[in-house]
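Worth knowing before you read on, the calculation uses all heavy atoms, side chains too, and leaves out hydrogens, waters and symmetry mates.
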Amino acid sequence: MMCGFATFYDKHRIIAERMPQVLLRFMAIRKEDELKRSRRIAMVWVVISLAVAVFIGIVGRQLYPVEHLTKSSAESIFITLSTSSLPAILAGFVMAGILAATISSSDSYLLIAASAFAKNIYQGIGNKRASDKKVMTVSRITLLVLALIAILIALDEDSVIFQIVSFAWAGFGATFGPLMLFSLFWKRTTKAGAIAGMLGGGGMVFLWKLVISQLGGVFAIYELLPAFIFSSICIVVFSLLTKAPSKEIEEDFEAVRTGSLG
């Protein structure tokens, strides 16, 4: 299973570094033989959905050239098109679809973030002897806190969803992307290097977005690129400065790489 996953990841590492929650779906696949079909279905759907999104924007600008001129307002063009071009009942179904898609995505992200904090940080680092009940409690509290933060952000009428999502993707990519790549292709990666890479990449996203990019010019690039590079450097430096992984781990790495793992 791990061999099949590694092969798939080698071919599609760009997607993996940006969408770890999608990557988990492939890790949980029932049979390796289904990877190729799943890959094709996923890529076809991505192409169709992104093409339709661009098409909606182009059509909306042509039909309403003097409306939705601000970035935050422009994100409502699909609602305007639906309510003005479709019968009331069909427009209602479209609005329900938007709400369903929003809820589907938001609950996944909330659950991922809450469980990651409760299991990996609280239990994994802070309180390793914590019971399942305590972990569940921490997970629920974390979920509520994150939901409240999301509500506060949503209350800002000038906030732009695209910019928020773009910033979130940068955080995902810079925090987990380099680590997953190095873990798969460099057996010298250590625990210290992994932690340094995640902290360095995540921190650089905020630093570049809020401070460095304000300088303008060449510094006004998407924060994912410099943060990804910085995270990679942290992984290499801290891995080389700490003790190499045990012989057993290196043997497992080679077994997965060569496909000899059962």
As an exercise, state the distance from [atom1] of [X] to [atom2] of [Y], rounded to the nearest 0.5 Å.
X	Y	atom1	atom2	answer
T189	F182	OG1	CZ	6.5 Å
I77	I58	CD1	CD1	12.5 Å
F117	I141	CZ	CD1	9.5 Å
L110	L143	CG	CG	5.0 Å
L207	F230	CG	CZ	8.5 Å
K134	S139	NZ	OG	15.5 Å

Within one Ile-Leu-Val-Met-Phe-Trp-Tyr cluster: [X] and [Y], side-chain cutoff 4.5 Å:
X	Y	value
V94	L99	no
I98	L90	yes
L224	I212	no
I41	V52	no
F176	W186	yes

Within a 6.0 Å radius of atom [atom1] on [X], are there more than 12 heavy atoms belonging to other residues, nucleotides or ligands?
X	atom1	answer
R61	CZ	yes
I89	CD1	no
Y122	OH	yes

For [X] and [Y], which heavy atoms make the closest approach, and how far apart are they?
X	Y	value
A91	L86	N-CB, 4.1 Å
M198	T175	CG-O, 3.3 Å
R188	L240	NH2-O, 3.7 Å

- Message: Between F206 and F167, does the ring pair (Phe, Tyr, Trp, His ring centres under 6.0 Å) criterion hold? Intermediate values first, please.
- Response: CA-CA 9 Å; F206 285 90; F167 183 68; 5.1 Å; yes

- Note on the structure: Students should find that the hydrophobic cluster of M136, defined by side-chain heavy atoms under 4.5 Å apart, otherwise consists of none

Heavy-atom side-chain contact between [X] and [Y] under 4.5 Å:
X	Y	value
L81	I56	yes
I221	W208	yes
S232	I235	no
M204	F228	no
S166	Y222	yes
P178	L181	no

- Query: Could you give all pairs that pass the side chain to side chain donor-acceptor pair (under 3.5 Å) test and reach residues 78-99, with sequence neighbours left out?
  - Reply: Y64-S84, H68-T80

Under 3.5 Å, is there a donor-acceptor pair between the side chain of [X] and the main chain of [Y]?
X	Y	result
S49	W45	yes
S239	V236	no
S231	A174	yes

- Query: For K209, which residues count as a side chain to side chain donor-acceptor pair (under 3.5 Å) partner, sequence neighbours excluded?
  - Reply: none

- If you measure only the distance, is there a donor-acceptor pair under 3.5 Å linking the side chains of T242 and T190? yes

- Message: Run K191 and I195 through side chain to side chain contact (heavy atoms under 4.5 Å, CB included) and show every step you take.
- Response: CA-CA 6 Å; K191 180 180 180 180; I195 295 176; 4.1 Å; yes

